[in-house]
Amino acid sequence: MARVGILAIQGDFFEHRRLLESLGAEVREIRLAQELDEVDGLIIPGGESTTIVQLIDIFDMRDKLRERILVDGMPTWGTCAGMIVMAQKLADRRPDPLHLMNIEVSRNAFGRQVDSFETDLEIESLQGPAFRAVFIRAPAVDHIGEGVSVIASLADGRPVAVRQANMLATSFHPELTDDARMHAFFLSIVEQAA
Ligand code: GLN
């Protein structure tokens, strides 16, 4: 079984843990750079992206994260704040993201009145009914670059789930539902890569 790390310095890492364990995955909470060598895949959870990036830099994890993900190709999935952390470029001044995925992202992009909402999404590679997606002060993908494919969009066409090789990012929070299909999909990427 794949060993999956969850970056556990801020945000809703416990919810990811619960769903991954329900699928039988071995989960490690990651708080130190060297722990990244002990896992086959990584989730960067939702939370507050400036805080997550600040802590990544305070704990000196930036270089190791970039090496494991970009050089070793370790499968990595960012949800909400995790998507912001993984972006190449942000429309916002802060934080300085990890520049991993070829996407440009705006934080809190869905406006004040609707900064939280739920909607049904068709997600490529998931079987069965539409996925109930939870958006909480969610980021939007403004631009996708080379190598990135869109695996789910809102009805207005805005991408909300993207993939680039072994990297996935979703604007929404599958960890806040009981639907484990996105986690199962990510585990299949981790197992293929391991
Ligand atoms: N708005 C948050 C940020 O900019 C992300 C929100 C979330 O992860 N639910 O970091």
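Keep in mind that what you see is a predicted model, and the values were worked out from it rather than measured. In each ligand, atom 1 is the first atom listed, and ligand 1 is the first ligand listed.
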- Charged N to carboxylate O below 4.0 Å: is that the case for D37 and K64?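 Here D37 pairs with K64 in a salt bridge, since their nearest N and O are under 4.0 Å apart.
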- Sequence-distant partners of E118, side chain to side chain contact (heavy atoms under 4.5 Å, CB included), two or more places apart: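 In terms of side chain to side chain contact (heavy atoms under 4.5 Å, CB included), with neighbours along the sequence ignored, E118 is linked to R132, V134.
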- Message: Strictly under 4.0 angstrom, heavy-atom based: which residues surround ligand 1?
- Response: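 Lining ligand 1: G46, G47, E48, S49, C80, A81, I84, R107, N108, I136, R137, H173.
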- Query: Is there a donor in the side chain of S49 and an acceptor in the side chain of R107, or the other way round, less than 3.5 Å apart?
  - Reply: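 Side-chain D/A pair, S49 to R107: present.
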- Is a side-chain N or O of E35 found less than 3.5 angstrom from the main chain of R31, in a donor-acceptor match?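 Confirmed, E35 side chain pairs with R31 backbone.
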- Query: Do any N or O atoms from the side chain of N102 and from the backbone of V148 form a donor-acceptor pair under 3.5 angstrom?
  - Reply: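 Side chain of N102 to backbone of V148: no pair is present.
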- Residues I123, F172; criterion side chain to side chain contact (heavy atoms under 4.5 Å, CB included); working and verdict: CA-CA 12 Å; I123 304 179; F172 52 95; 3.8 Å; yes
